K.L.:
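Quick one: the structure is below, and I'll ask about it shortly.
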Amino acid sequence: MTRHLTLATCLVPILLLAGCNEAPPLPAPGLSETPAGSIPQRDKEQSAALGRQHKTAWDLYQSLKAEAKGGQRLTAATVPDWSGVYSRPANRGFAFDPETPEGVATTAKLTPEFRAKLEKRMADKARGIEWDPISTCAPPGHPRWLTEPFLREFVPTPGQTLLINEMVNDIRRVYTDGRDHIAPEDRYPLYNGDSIGFWDGPSLVVHTNQLQGGIYQRQDPDYSDQIETVEIWRKADATTITADVWVYDPPSLTEPWYVQQRYAKLPDDDKTLRIRYWNCAENENNAVHQTQDGTTQFNDFTFDPKAGKK
């Protein structure tokens, strides 16, 4: 994309000699055309098959890097325009796989142990027993980060990309400056893990490891602290950013789980939108304790508007 700059008056002597010709078009900083990527676009079945072809997330990441001919690093002139405020569409619900068919518990291929865990969670939910780790204000963690609601911003820079979710001020940092992951002897489980990546034209390819175990969502399966992910982030059109996601977790999955997440840009003319500081401890709805039967209860809080009134 270029901006055409013209001179209103001929102030430069050399231009006077040229008859006050219009200056040649100059590329505006940060608005140059981003080169096309080398990684081919794949449909859902092709993407799922690609995941199965690789034993580990790192193997898949390296394969994509080879397709991208090593990838590129951004410069100030090639930073893509991902500006705006986005949100995961409400009509996709909270399931980690937005295309989960009605009546299907999950599209993940679970090991027997983790299938049993999911069945128990669903049975407990049917009895009115439900426990969510974020009820105590813990961060959702990745890959659950991908499905959480509320406002988001995506901020590419030459050395790193910030993936920002308003919920609990959750920011993922994807380093694209050529650094490797943290040395194995220095790793420990983190909510959002450690993310490195590279650019393939307008697409950001990410590998994440060093994650804590958790759940994808309240009615989704658990995952272990061996989980790793590969993502390809790209701007699909003027108002949509997508993330192709492959999840590898041998303790819980019999094969990699591929899903695509989509985030819709909210209208630019709505200047009331703000990503604000989130402290869930300020909300009395989040002051909970676990009861003897495994349910949770709000402390000194009721949904009855007549309660406490004389």
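Not measured: the values here are computed from a predicted model.
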K.L.:
Any side-chain heavy-atom pair from D97 and T106 closer than 4.5 angstrom?
P.N.:
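No - every pair of side-chain heavy atoms lies 4.5 Å or more apart.
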K.L.:
Which pair of heavy atoms, one from P158 and one from A76, lies closest together, and at what distance?
P.N.:
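Reported closest heavy-atom pair: CG-N, 4.1 Å.
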K.L.:
Is it possible for you to say whether W82 and W145 belong to one hydrophobic cluster, with membership spreading through side-chain heavy-atom contacts below 4.5 Å?
P.N.:
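Yes, W82 connects to W145 through the hydrophobic network.
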K.L.:
Does CD belonging to E185 count more than 12 external heavy atoms closer than 6.0 Å?
P.N.:
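More than 12 heavy atoms, drawn from other residues, nucleotides or ligands, come within 6.0 Å of this atom.
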K.L.:
Quick check: does any side chain N or O of D200 sit under 3.5 Å from a backbone N or O of S38, one acting as donor and the other as acceptor?
P.N.:
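Yes, the answer is positive, given that a donor and an acceptor are paired below the 3.5 Å cut-off.
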K.L.:
Taking the side chain as every heavy atom from C-beta outward, state whether P221 and F114 have any atom pair closer than 4.5 Å.
P.N.:
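SC-SC contact between P221 and F114 ruled out.
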K.L.:
What about I196 and L146, same hydrophobic cluster or not, with Ile/Leu/Val/Met/Phe/Trp/Tyr joined at side-chain heavy-atom distances under 4.5 Å?
P.N.:
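No, no single cluster joins them.
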K.L.:
Do Q72 side-chain atoms and G201 backbone N/O form a donor-acceptor pair below 3.5 Å?
P.N.:
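Looks like yes, one N/O pair under 3.5 Å.
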K.L.:
Counting distance only, does the side-chain N/O of T107 pair as donor-acceptor with the main-chain N or O of T100 below 3.5 Å?
P.N.:
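No, because the side chain of T107 does not come within donor-acceptor range (under 3.5 Å) of the backbone of T100.
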K.L.:
Would you check, one step at a time, whether the test side-chain contact (heavy atoms from CB on, under 4.5 Å) holds for W278 with D170?
P.N.:
CA-CA 9 Å; W278 179 297; D170 214 354; over 6 Å; no
K.L.:
Between R121 and Q219, is any side-chain donor less than 3.5 angstrom from a side-chain acceptor?
P.N.:
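There is no such pair (donor and acceptor under 3.5 Å, judged by atom type) between the side chains of R121 and Q219.
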K.L.:
Side chains of D59 and T56: do they bring a donor and an acceptor to under 3.5 Å?
P.N.:
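A donor-acceptor contact under 3.5 Å links the two side chains.
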K.L.:
Between D237 and T240, is any side-chain donor less than 3.5 angstrom from a side-chain acceptor?
P.N.:
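Per modelled atom types, D237 and T240 side chains form a pair under 3.5 Å.
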K.L.:
Quick one: closest heavy-atom pair of L151 and N165, and the distance?
P.N.:
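Looks like O-OD1, 3.4 Å.
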K.L.:
Hey, could you give me the CE/CD distance between M122 and E119, rounded to the nearest 0.5 Å?
P.N.:
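Here the interatomic distance stands at 8.0 Å.
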K.L.:
Does a side-chain heavy-atom distance below 4.5 Å link L74 with T157?
P.N.:
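No - every pair of side-chain heavy atoms lies 4.5 Å or more apart.
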K.L.:
State the CG-CG distance between D225 and L211, to the nearest 0.5 angstrom.
P.N.:
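If we round to the nearest 0.5 Å, D225:CG and L211:CG are 9.0 Å apart.
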K.L.:
When rounded to the nearest 0.5 angstrom, what is the spacing between NZ in K117 and CD1 in I215?
P.N.:
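Rounded to the nearest 0.5 Å, the NZ-CD1 separation comes to 11.5 Å.
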K.L.:
Using the salt bridge (charged side-chain N to carboxylate O under 4.0 Å, His left out) definition, which of the options R42, K44, R234 pairs with D244?
P.N.:
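The residue from R42, K44, R234 that satisfies salt bridge (charged side-chain N to carboxylate O under 4.0 Å, His left out) with D244 turns out to be R234.
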K.L.:
Do you reckon Y191 sits in the same ILVMFWY cluster as I182, going by side-chain contacts under 4.5 Å, direct or chained?
P.N.:
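Hydrophobic grouping puts Y191 apart from I182.
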K.L.:
Hey, what do you get for CD (Q46) to CD (Q41), rounding to the nearest 0.5 Å?
P.N.:
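Q46 CD to Q41 CD: 10.5 Å, rounded to 0.5 Å.
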K.L.:
Could you go step by step and tell me if T75 and R73 meet the side-chain contact (heavy atoms from CB on, under 4.5 Å) rule?
P.N.:
CA-CA 7 Å; T75 67; R73 298 185 193 177; over 6 Å; no
K.L.:
On a heavy-atom basis, which atom in E67 and which in P40 lie closest, and how many Å separate them?
P.N.:
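Scanning both residues completely, I find the closest heavy atoms to be OE1-CD, 3.5 Å.
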K.L.:
Is there a side-chain contact between L60 and L50, using heavy atoms and a 4.5 Å cut-off?
P.N.:
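L60 reaches L50 side chain to side chain.
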K.L.:
Check R172 against S195 and note the closest heavy-atom contact, atom names and distance.
P.N.:
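What the structure gives for the nearest pair is NH2-OG, 3.7 Å.
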K.L.:
May I ask you to test the T242-Q260 pair for a side-chain heavy-atom distance under 4.5 Å?
P.N.:
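Yes - at least one pair of side-chain heavy atoms lies under 4.5 Å apart.
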K.L.:
Are any of the side-chain heavy atoms of R262 and P98 separated by less than 4.5 Å?
P.N.:
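R262 vs P98: side chains apart.
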K.L.:
Can you tell if the side chain of E228 reaches within under 4.5 Å of the side chain of Y61, non-hydrogen atoms only?
P.N.:
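Sidechains of Y61 and E228: no contact.
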K.L.:
Does some side-chain heavy atom of P184 sit less than 4.5 Å from a side-chain heavy atom of R187?
P.N.:
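A side-chain contact under 4.5 Å exists here.
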K.L.:
Which pair of non-hydrogen atoms, one from T229 and one from P143, has the smallest distance, and what is that distance?
P.N.:
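Between these two residues, the closest heavy atoms are CG2-CB, 4.3 Å.
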K.L.:
Nearest 0.5 Å, what's the CD-OG distance between Q226 and S252?
P.N.:
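Separation between the atoms: 9.0 Å.
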K.L.:
Between the side chain of Y223 and the main-chain N/O of L253, is any donor-acceptor distance below 3.5 Å?
P.N.:
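Flag not set: sc Y223 to bb L253 has no pair under 3.5 Å.
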K.L.:
I need the single residue from Y86, Y263, W199 that forms a ring-ring contact (aromatic ring centres under 6.0 Å, His included) with W233. Which is it?
P.N.:
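So, applying the ring-ring contact (aromatic ring centres under 6.0 Å, His included) to W233 and each of Y86, Y263, W199, only Y263 qualifies.
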K.L.:
For residues V79 and P156, report the shortest heavy-atom separation together with the two atoms involved.
P.N.:
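What the structure gives for the nearest pair is CG1-O, 3.4 Å.
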K.L.:
To the nearest 0.5 Å, what is the distance between CZ on F198 and OG on S203?
P.N.:
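Here the interatomic distance stands at 9.5 Å.
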K.L.:
Distance-only, no hydrogens or angles: does the W246 side chain make a donor-acceptor pair with backbone N or O of S47 under 3.5 Å?
P.N.:
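Yes, W246 side chain to S47 backbone: donor-acceptor pair under 3.5 Å.
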K.L.:
Can you name the residues that form a salt bridge (charged side-chain N to carboxylate O under 4.0 Å, His left out) with R152, not counting sequence neighbours?
P.N.:
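R152 satisfies salt bridge (charged side-chain N to carboxylate O under 4.0 Å, His left out) with no residue once adjacent residues are dropped.
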K.L.:
Quick check: is Y248 connected to L110 through a chain of hydrophobic side chains (ILVMFWY, heavy atoms under 4.5 Å apart)?
P.N.:
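No, because L110 and Y248 fall into different hydrophobic clusters, even though each may have its own neighbours under 4.5 Å.
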K.L.:
Would you say the side-chain atoms of K235 pair up with the backbone N or O of P202, donor to acceptor, closer than 3.5 Å?
P.N.:
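Not at all, since once roles are kept as given, no pair shorter than 3.5 Å links the two residues.
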K.L.:
Step by step, would you call D222 with L118 a side-chain contact (heavy atoms from CB on, under 4.5 Å)?
P.N.:
CA-CA 7 Å; D222 294 67; L118 177 59; 5.9 Å; no
K.L.:
Is there a donor-acceptor pair closer than 3.5 Å between any side-chain N or O of Q261 and the backbone N or O of F96?
P.N.:
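Yes, the answer is positive, given that a donor and an acceptor are paired below the 3.5 Å cut-off.
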K.L.:
Would you say E99 has more than 12 foreign heavy atoms packed within less than 6.0 Å of its CD?
P.N.:
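No, because the 6.0 Å sphere around CD of E99 holds 12 heavy atoms or fewer from other groups.
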K.L.:
For the pair F150 and V168, evaluate side-chain contact (heavy atoms from CB on, under 4.5 Å) and give the outcome as yes or no after the intermediate values.
P.N.:
CA-CA 10 Å; F150 307 112; V168 297; over 6 Å; no
K.L.:
Decide whether V230 and V206 are clustered together by the hydrophobic rule: side chain heavy atoms of Ile, Leu, Val, Met, Phe, Trp, Tyr closer than 4.5 Å, transitively.
P.N.:
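The answer is no; the residues belong to distinct hydrophobic clusters.
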K.L.:
Donor-acceptor pair, distance only, cut-off 3.5 Å: does the side chain of N192 make one with the backbone of H142?
P.N.:
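Checked: pair present.
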K.L.:
Looking at R144 and Q217, would you say the former's side chain and the latter's main chain have a donor-acceptor pair under 3.5 Å?
P.N.:
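Absent.
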K.L.:
Keeping K55 on the side-chain end and R52 on the backbone end, is there a donor-acceptor pair under 3.5 Å?
P.N.:
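Side chain of K55 to backbone of R52: no pair is present.
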